[in-house]
Structure formats: C-alpha cells, structure tokens
**Student:** 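One structure is given below, represented as structure tokens, and several questions about it will come after.
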Amino acid sequence: MTDNDALRERIAAELLAARDRTTQLTSVVDDADLIRQHSPIMSPLVWDLAHVANQEELWLLREVGGRTPMHPEIDPLYDAFEHPRAERPALPLLAPIEARGYGHEVRGRVMDLLEKERFSGTRLTEGGFAFGMIAQHEQQHDETMLATHQLRTGPAALSAPPPPPAPADAATLPAEVFVPGGPFTMGTSTEPWALDNERPAHAVDVPPFYLDTTPVTNAAYAEFIADGGYDDPRWWTPDGWAHRQRAGLIAPLFWRWEGEWVQVTFGLSAPVIPNEPVLHVSWYEADAYARWAGRRLPTEAEWEKAARHDTATGRSRRFPWGDADPTPEVANLGQRHLRPAPAGSYPAGAAPCGARQLIGDVWEWTSSDFEPYPGFTAWPYKEYSEVFFGPEYKVLRGGAFSVSPVACRGTFRNWDYPIRRQIFAGFRTARSAPPEAR
Ligand code: AVJ
Ligand code: FE
C-alpha cells in the first residue's frame, strides 16, 4: 500500500467515524426535538446537521474539487457568522430528512473525490489537510451537539458504559507534580492536521511551577462551596463577582442541592461522584476556586509544557504519553463514556512530569486569553481562529470525554467566554515554585 493509499484510508475512516457520531446524536430524538431550540446559546440540532454538510461541500467539493455549489441559496443559512445561535430556529432551515439527504449527497461525492486525490500540489490537500480539517469540524459539532443533549430536558436519550474505576494508586498520588523551569517548544509546525492557531512551533521559557496531578474533583469543589466560596468576593475577580451575583451562581451547572449534591447527566439524576473531576464550571468559578485554594490557574504555556515537554530529551511530544495516537488505555476521549473517569485514572497516559488526565476527561480552563502565537498566519480562513483572538476568550486545553481523538492533541487550543458552563470544562490548579525550589 502506498503512503497515499494509507492516508486515503485514514481519511475515509475519520470521515466515517464523524458521520457515525453525528447520526447517533441526531437519531436518538424525534424530529420535533431536532428542530427545537433547547437553549438560547445553542443551535437546534438540525442546524448542526446541515452545517457540517455545508462546510464539507464548501471545503472539499468546491475548494478542493472545484465543483459548483449544489444549493447556493442555503449557504447563508448555515454561515455561523450571518445568524447568531439564538436566531437559527426562526430560519427556513432544511427539515431533518432534507438535512440528512444533503449530508449523504455531499459525502458520496467527497468519497469519489478522495479516490482520485493525490495529496500534493496545493497547501489545502498536502497531507490531506482539508479532509482532516473537515473530519475535525464535524467532530467539533458532535461535541457541541452533545452539549445540546446535556441541556435538553425530557427523558434520557443517550447512554454509554461508565468509565473504568480509579486505579489502585489514585488515592495515594501526590497532590501536585513539579515541572522544572526553562524553555520548551510550544505549538507545532509539523503536525499535518494542526489548525492555524496551533502554529508555528516556537520556544517559550516557562519558570518552574507545580501543577495538580489530576483535575480538581467534585469533592474538593464541594468543600469550596461548603466553605462559602460563592459568597466571598475575596476569591473572585471583579468581573467574576459581578457575574456570580447577576447569574445567581451557587454551584456548577446541572448540580442541585437535595440534602446532598445531585447532578443531572444526560437526563439522569444521581448523587455527585466525589472522586470525579468537576465539570460544567465557568472560568470565573475555576479562577475563584483556585484563589480560595491559595493557588491559581495554570497559564496555557504551563499546561502545554506539563503535557508535552520531555525533560529527558528536551523534545515536545505530541501527547503526554509520547507520539502515538490515543487509545482507550491512555485517555477518555470520543464519547465512549459520557462522563469523566475518576481523578487519577489512566496511569498509562501520564505525562513525564507525572500529571494524569491532561488529555481527555474534562477540558481544562487556563488563565490565558486566546491570542495568536508569534508568526501566526490565518489559514485557510480567518473565521476559524483570527476573529476570536483577544481578551474576551479564555483558552481551554486537553479535550474531554466528549472530544474525538481526531480533534485532540497536545497542541490543540479551544476557547470560550469566561461565563460559559455548558461546555465539558473542569480545571486543575498550579503555583509558581518558590525561589528555594528553583
Ligand atoms: C473551537 C469549539 C470554539 O464551536 O465555535 C466549529 C469550533 N469552528 N465550527 C466553535 C468550530 C467552526 C469552535 N471552537
Ligand atoms: Fe462550524
């Protein structure tokens, strides 16, 4: 088999995996549920369904394949910049059966195109980039659709086996790990399907610091609540406190007090699991917790150094465990389970510094604003990253149980507003090493 044949097979498998997930998420509820808006901050599921097909048509059939538009009149409906999410239910959207048919048509033509693709001559096709970008795009919307499912009320529609129990050593792990100071390589210039905001690779000098070995657990977070953390402005930034007051925050989204903390997960209510990473907290809450704990959120550079820097060789790895793609033994990814695994899980996926679960389980808020790396150029379109750069978005790292492996790596950057809680976000905390530890 030639390298091109292997790439073609990998692409076909990734496109198929994405479509299987999309089909699953849009077939477990009825048409009325697909059309309904479950939250003003989310699109109706039927919008995501046609939007992924429309992006696939735009990038693979039109840009790569040079084909003429199939239905140019629907393009504006599925342009995320023309209509904010709250307006989308009122648009003359394709009905579920039409949206599925459109996706199927596009995919059939893409598979024909892929057969003859040589992956050379243009930057879009080099290494199969545009195909990888579209597989990632559909999987990103599959994650968004999973968040819509979590916001949806009514009988449970999704289920999955629980993650494996915590390994024996989880209870005796050190609370924090040490990451030595010095330069490391952040970002990538070689990962073929890395998106523009992950590029280029560049050296960053990171002073020595300590990082939590695992994400912050529900039990630890419940102590913050019980200690009056939500009522003490000392722990909050001014913006965070104003938001806490305005929004009436008292606990993570989907938590309810019933004599004990109870959490609703995809339509099922159950007591909060103490050793599970906390989920559905805003950046403001994560930041306040860290201050209460006498610590702080890690910067994005600290997070990536902990996850990728191999102190033995000085190289940055693709993932905490090395350069190999994720497997179920090293990380909780891909909606295989519909919740994070207990803190301390996946010893085989630990980073050289000893931190666990940096990839998978929960997205981790960092203290950093979403900004371009030195030497950044927008590619292939400004609306993926560039239009979002600036202080109003905070960076999240590491992916979650909700994220496909194709859209997750040590360099991958996600971002959102500091008030957002429907995303599958938790966090871990850090502290700078005192001078005597340097
Ligand atoms: C990278 C998750 C912030 O959902 O807004 C999907 C991904 N971009 N379609 C988003 C994305 C265009 C993006 N995030
Ligand atoms: Fe999109």
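Here, residue 1 is the first one in the sequence, and each next residue gets the next number.
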**Student:** Taking the six-membered ring for Trp, are the ring centroids of Trp379 and Phe129 within less than 6.0 Å of each other?
**Tutor:** yes

**Student:** Any Lys/Arg nitrogen of Lys394 or Asp287 sitting under 4.0 Å from an Asp/Glu carboxylate oxygen of the other?
**Tutor:** no

**Student:** So which atom in Pro418 and which in Ser282 form the shortest heavy-atom distance, rounded to 0.1 Å?
**Tutor:** O-CB, 3.2 Å

**Student:** So, for Trp303 and Phe184, is the gap between ring centers shorter than 6.0 Å?
**Tutor:** no

**Student:** Donor-acceptor pair, distance only, cut-off 3.5 Å: does the side chain of Glu57 make one with the backbone of Met70?
**Tutor:** yes

**Student:** Please answer whether the main-chain N or O of Arg339 pairs with a side-chain N or O of Asn332 as donor and acceptor at a distance below 3.5 Å.
**Tutor:** yes

**Student:** Is the side chain of Arg308 donor-acceptor paired with the backbone N or O of Arg317 at a distance under 3.5 Å, no angle test?
**Tutor:** yes

**Student:** Between Arg19 and Glu138, is there a salt bridge with N-O shorter than 4.0 Å?
**Tutor:** yes

**Student:** Could you walk me through whether Leu396 and Trp365 pass the side chain to side chain contact (heavy atoms under 4.5 Å, CB included) check?
**Tutor:** CA-CA 4 Å; Leu396 300 115; Trp365 286 113; 3.5 Å; yes

**Student:** Looking at every heavy atom in both Cys408 and Gly398, which two are closest together, and how far apart are they?
**Tutor:** SG-O, 3.5 Å

**Student:** Do Trp236 and Tyr230 make a side-chain contact, defined as non-hydrogen atoms from C-beta onward lying under 4.5 Å apart?
**Tutor:** yes

**Student:** Side chains of Leu58 and Gln55: does their closest heavy-atom pair fall under 4.5 Å?
**Tutor:** yes

**Student:** If you compare all heavy atoms of Thr214 against all heavy atoms of Ala343, which two are closest, and at what distance to 0.1 Å?
**Tutor:** OG1-CB, 3.6 Å

**Student:** Answer yes if the ring centres of Phe224 and Trp235 are under 6.0 angstrom apart, and no otherwise.
**Tutor:** no

